[in-house]
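These notes concern the structure reproduced below.
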Amino acid sequence: MTKEKLLLLDGNSLAYRAFFALPLLTNDSGVHTNAVYGFTTMLQKILEEEKPTKMLVAFDAGKTTFRHESYGEYKGGRQKTPPELSEQFPYLRKLIDAYQIKRYEKELYEADDIIGTLAKQAESENMDVIIVSGDKDLTQLATDKVTVYITRKGMTDIEKYTPSHIEEKYGLSPLQIIDMKGLMGDTSDNIPGVPGVGEKTAIKLLKEYGSVEALYEQIDDMKKSKMKEKLVENEEQAKMSKKLATIFTEAPIDISLEDLNYPGPNEEEVLNVWQELSFKSLIEKSDFQMEEKETAELVFDIVTDVTPDMLKDVMAVHVELENEHYHTCRILGLGFTDGTKNFYISFEDMKNNETIKNWLEDESKIKYMSDSKAAQAILNRINIELRGVDFDLVLATYIVNPAVSGDDLATLAKEYGYSDVQANETIYGKGAKWTVPAMEVLAEHVCRKAFAIWSLQPVVEEKLKENEQFDLYHNLELPLASILGIMESEGVKVNISTLEKMGGELEQKISALEKEIYELAGEKFNINSPKQLGVILFEKLGLPVVKKTKTGYSTAADVLEKLQSEHKIVKYILDYRQLAKLQSTYIEGLIKEVHSDDSKVHTRFQQALTATGRLSSTDPNLQNIPIRLEEGRKIRQAFVPSKEGWVLFAADYSQIELRVLAHMSKDENLVDAFIQGMDIHTRTAMDVFHVSEEDVTANMRRAAKAVNFGIVYGISDYGLSQNLDITRKEAGEFIDKYLQSFPGVKEYMDRIVQEAKLNGFVTTILNRRRYLPDITSRNFNLRSFAERTAMNTPIQGSAADIIKKAMIDMDARLKQEGLQTKMLLQVHDELIFEAPKEEIEILERIVPEVMEHAIELAVPLKVDFSYGHTWYDAK
DNA sequence: TTTATCACG
DNA sequence: ACGTACGTGATAAAA
């Protein structure tokens with residue numbers, strides 16, 4: 001048998017050490033993690049180097065110890081544990097348990113005493129002992145058998161105290177460390193010692209006399225000095241201090257060495273804890289493997305037919321797709337569960353099954369799903385109209401915390417402690433190795449997903465109710481999912497020949513520009529490569545470097561604009577960039593997305609993605625089609641109604657974000673401006689520059705507009721100065737003037753940041769949340785970013801709430817009025833419809849009406865609209 | 001896969 | 001002194 005090696009860790013001391021040594025980190029839900037992280041890296045390193053056979057982490061129990069009986073002031077005056085640290089102890093304990101390391105604490109005793117007692121026992125049994133702590137007091141325990149490791153800054157840097165190391169460092173024996181502390185005291189433990197005696201004096205005295213006791217026996221022989229007086233005066237205190245500093249090695253602990261066997265970590269559990277704490281680098285670096293299916297058994301059937309009795313009134317159902325492109329991909333199969341019976345049916349077997357179709361279309365049959373919009377859209381392709389969805393896991397978890405990524409059901413389930421479902425990557429592989437597994441494997445995977453949804457439904461709904469977000473989830477996001485699904489399936493008609501014609505013209509212009517650029521540069525190069533372009537501009541042509549990126553020179557548009565007067569080539573490059581962007585993204589890119597069967601693009605609105613509650617749009621992104629510059633705007637001529645004699649009808653909120661700000665801040669001036677129906681930027685210019693309406697110049701209005709944008713973004717003088725190309729000082733003055741004119745806005749900004757600090761999150765009008773863990777960061781950048789986010793998110797998010805509500809109301813109104821008009825797109829503050837000409841008149845009335853009253857604010861909402869034969873003409 | 005750039009609100 | 005405007009997605013180049 002190999003020799004036993006015992007590793008004893010001082011839990012409290014190490015946690016404290018790590019907490020103060022490392023910057024404040026947090027996981028996705030805002031729990032601080034730096035102490036646990038530091039502890040983990042230290043632990044990993046020591047485990048690897050020492051390979052102990054027995055382990056224990058000792059903790060201090062409670063506030064009072066036996067030391068307080070002799071000295072009430074022991075550890076007095078200590079700052080109480082910061083909350084950012086105390087919240088980490090439960091996770092630390094969880095981590096230690098996952099490693100399968102024993103932990104122990106004992107009333108009235110400190111971790112030191114537990115460690116000392118066990119070290120002594122182990123030594124008498126001839127074991128090697130290693131003690132790890134952040135506290136040098138422990139070095140008194142060092143012997144030939146016992147080595148004390150003290151962490152230095154960074155946690156993985158360790159100083160090893162053997163008796164000889166201590167001798168070398170202090171010229172003392174380990175036991176004399178106690179005497180040293182008795183004489184010099186310890187401020188952190190509030191041990192007094194002898195005033196005026198520090199480390200140097202203590203060591204000198206101990207080298208001469210050996211110990212505190214010996215010193216006082218011979219003190220009469222000491223020659224008269226200030227120090228002697230002090231020593232005599234404080235004899236009792238010195239002796240008591242020594243006692244306090246002595247680690248008690250005979251604590252009555254009810255744990256023995258046999259209990260401390262260390263079997264190694266439960267790797268899966270450790271990974272779970274790491275995942276919970278977002279220790280991504282550790283997860284990636286570690287060679288820990290998830291255990292092969294440690295998951296609970298799930299009984300399921302693979303069926304080829306479904307009879308009505310199998311389909312209950314309430315079920316979780318999961319539609320398993322090939323990939324995320326649900327408008328084009330295949331369905332692999334469906335999993336069903338009612339919590340007792342689980343079954344899987346392949347797509348081939350279900351596609352013509354009337355029983356399933358009827359059940360899916362039956363509003364009264366309650367379905368629990370995950371990403372019901374995807375299911376709805378893909379089922380729509382085989383003429384099934386999904387109804388009766390009452391729970392959607394992706395949406396529900398997004399509302400609880402929008403930061404939690406929802407691309408894999410397994411990841412989502414893990415967030416709620418449910419791990420009996422595999423990651424897609426495990427089942428299918430990834431990248432080029434992606435493949436559909438055997439039916440048995442696939443069926444189990446899909447059934448497990450359905451079961452996970454079933455199991456999590458009550459948990460997540462409870463959480464939503466606890467946070468008062470159930471209404472937002474159930475009555476806004478859930479019905480919106482269905483509306484979005486219909487919009488996506490409907491699609492937008494694109495005139496490919498229009499795009500191709502534009503592409504041809506662009507091609508000409510681009511190659512002409514290319515020629516000019518090569519000519520002026522004196523050589524051919526790839527203009528699309530910022531690296532090559534940088535070399536040409538800043539080395540060959542010697543233009544001044546305005547800004548650098550981390551990899552080289554910046555050639556971004558704002559930089560080039562400043563360089564226009566320096567060289568003719570710059571303008572050509574700017575033009576080239578603009579046209580190349582149109583060509584690659586909006587002509588070629590868009591054409592690739594047009595479905596050949598219906599000449600339409602079918603975007604996917606991501607409903608559970610953004611941090612603020614906005615939607616996003618992909619494949620293609622229809623929320624960033626050019627409009628600001630005329631050349632780009634022409635792209636919109638290719639977007640047309642799907643039917644002859646129809647038009648595209650666009651309605652947008654005017655200044656919705658500033659109106660939301662007026663509502664939330666209740667700033668009298670801002671509210672008044674909107675009630676008066678004034679041009680808000682002009683009004684801002686009047687207030688900031690103290691001029692009358694007639695005297696507002698175009699430039700003043702431009703500056704005011706930029707300030708208004710800045711306010712919405714969570715203003716900073718630097719950001720505004722960049723935007724307006726003025727000095728920081730000037731920008732700062734603008735901001736000050738603005739805040740003086742709108743004092744309610746300033747109060748709101750201060751209040752919202754305070755609120756974020758207090759709660760850890762900010763909320764929107766409909767109680768959408770965003771957590772801001774960095775708001776308490778000691779890192780200036782992170783904290784500033786979080787503060788700006790705290791100011792911006794309630795504004796952007798509430799605007800998102802409003803338009804989402806408007807979409808639901810609009811959908812209902814169109815149905816109620818029995819119109820053919822279809823809602824096609826949402827672009828953050830505007831809605832785009834296609835409509836038969838005859839319905840235009842009605843739309844002109846009802847669209848603004850519905851949108852303006854989606855949510856009542858302290859200021860009116862204003863909607864502008866227009867229509868035309870193409871999206872371009874709807875202006 | 002990451003970086004720089006640029007399109008939108 | 002710190003170094004930024006808020007929120008997205010697509011493309012091409014470079015690694």
Side-chain angles (χ1 to χ4, degrees), chain A residues 402 430-431 525-534 547-560 573-574 576-590 592-593 603-606 609-629 631-633 635-636 652-658 661 706-724 728 731 735 762 770 772 777-797 799-800 803 825-831:
Chain A
K430 70 164 173 179
F525 66 100
N526 188 344
I527 311 169
N528 290 317
S529 160
K531 197 178 162 191
Q532 293 180 36
L533 180 61
K547 199 167 76 177
K548 299 199 97 181
T549 66
K550 55 182 139 180
T551 54
Y553 312 109
S554 170
T555 66
D558 61 328
V559 173
L560 296 187
I573 289 166
L574 281 167
Y576 173 89
R577 279 257 179 86
Q578 194 202 327
L579 301 185
K581 175 87 179 177
L582 291 177
Q583 185 76 299
S584 66
T585 305
Y586 298 103
I587 302 288
E588 291 165 0
L590 199 54
K592 283 188 205 134
E593 293 291 340
T603 189
R604 295 191 325 275
F605 288 108
Q606 305 297 329
L609 185 148
T610 70
T612 55
R614 274 189 176 183
L615 300 176
S616 85
S617 158
T618 57
D619 302 307
N621 179 355
L622 295 181
Q623 291 181 322
N624 72 345
I625 302 302
I627 190 166
R628 292 173 192 170
L629 300 172
E631 296 95 314
R633 190 175 197 156
I635 299 284
R636 295 180 174 227
D652 69 291
Y653 283 108
S654 158
Q655 305 297 350
I656 188 168
E657 293 190 337
L658 287 172
L661 174 61
V707 174
N708 277 330
F709 268 97
I711 290 293
V712 168
Y713 292 157
I715 199 140
S716 78
D717 52 4
Y718 183 88
L720 184 64
S721 74
Q722 288 295 298
N723 192 295
L724 283 175
R728 239 171 102 155
I735 294 167
V762 289
R770 179 176 186 179
L772 299 169
S777 172
R778 285 174 290 196
N779 177 318
F780 176 88
N781 281 330
L782 290 180
R783 190 177 62 247
S784 303
F785 188 25
E787 286 170 358
R788 291 197 296 274
T789 311
M791 301 184 230
N792 171 263
T793 295
I795 300 174
Q796 193 182 116
I803 195 162
L825 296 174
Q826 186 249 49
V827 191
H828 311 308
D829 66 353
E830 65 176 324
L831 295 176

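The sequence lines fix the lettering, A, B, ..., with proteins before strands; numbering per chain opens at 1.
No side-chain donor-acceptor contact under 3.5 Å links A/Arg728 to the backbone of A/Asp717. Formation of a donor-acceptor pair under 3.5 Å by the A/Arg604 side chain with backbone atoms of A/Asp619 is not found in this model.
Nucleic acid contact for A/Thr618: sugar-phosphate only, since backbone atoms but no base atoms lie under 4.0 Å from a heavy atom of the residue. Heavy atoms of A/Arg577 sit under 4.0 angstrom from primed sugar atoms or phosphate atoms, though from no base atom. Among the atoms of the strands shown, none is found under 4.0 Å from any heavy atom of A/Glu657. Heavy atoms of A/Leu582 sit nowhere under 4.0 angstrom from any nucleic acid atom. Across all strands, A/Ser554 comes closer than 4.0 Å only to sugar-phosphate atoms, never to a base (heavy-atom distances). When heavy atoms are screened at a 4.0 angstrom cut-off, A/Asn621 is found touching the sugar-phosphate backbone but no base atom. Contact annotation for A/Ala611: backbone-only contact, meaning every heavy-atom pair under 4.0 Å involves sugar-phosphate atoms and none involves a base. A/Leu720 comes within 4.0 angstrom of a base, heavy atoms only. Residue contacts shown for A/Val827 are limited to sugar-phosphate atoms, with no base heavy atom under 4.0 Å away. At the heavy-atom level, A/Asn779 lies nowhere under 4.0 Å from the strands shown. Contacts of A/Ala557 with the nucleic acid, taken as non-hydrogen atoms under 4.0 Å apart, involve only primed sugar atoms and P, OP1 or OP2. Within the 4.0 angstrom heavy-atom criterion, no nucleotide atom of any strand lies near A/Leu615. A/Asp652 comes within 4.0 angstrom of no nucleic acid atom, judged by non-hydrogen atoms across all strands. In this structure, A/Arg728 reaches the bases: a heavy-atom distance under 4.0 Å links it to at least one base atom across the strands shown.
Separating the CZ atom in A/Arg636 from the CD1 atom in A/Ile625 is a distance of 7.0 Å, to the nearest 0.5 Å. Taking CD1 from A/Ile656 and CG from A/Leu661, the interatomic distance works out to 12.5 Å, rounded to the nearest 0.5 Å.
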- Message: Test side chain to side chain donor-acceptor pair (under 3.5 Å) on A/Thr793 and A/Thr612; report intermediate values, then the result.
- Response: CA-CA 6 Å; A/Thr793 295; A/Thr612 55; over 6 Å; no
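In plain terms, the two heavy atoms of A/Leu622 and A/Leu825 that are nearest each other are CD1-CD2, 3.6 Å.
Around CZ of A/Phe525, the count of heavy atoms belonging to other residues, nucleotides or ligands within 6.0 Å exceeds 12.
Checking A/Ser617 against A/Gln606 by side-chain atom types alone, no donor-acceptor pair falls below 3.5 Å.
At least one side-chain heavy atom of A/Phe605 sits less than 4.5 Å from a side-chain heavy atom of A/Gln623. The side-chain heavy atoms of A/Asn779 and A/Phe785, taken from C-beta on, include no pair separated by under 4.5 Å.
C/dA13 is paired with B/dT2 under the criterion used here, namely a Watson-Crick or G-U wobble arrangement in which both key atom distances are under 3.5 Å. Shown here, C/dC2 forms no base pair; nothing in the strands shown gives a Watson-Crick or G-U wobble contact with both key distances under 3.5 Å.
The outermost nucleotides of DNA chain B lying under 4.0 Å from heavy atoms of chain A, listed 5' to 3', are B/dT3 to B/dG9. The footprint of chain A on DNA chain C, defined by a heavy-atom cutoff below 4.0 Å, extends from C/dC2 to C/dA15.
Distance check on atom P: B/dT3 versus C/dT4 gives 15 Å, rounded to whole Å. C/dA5 and B/dT5 are spaced 13 Å apart, taking the P atom of each and rounding to whole Å.
In this structure, A/Gln606 and A/Tyr718 both approach DNA chain C, and ranking their closest nucleotides by distance from the 5' end singles out A/Tyr718.
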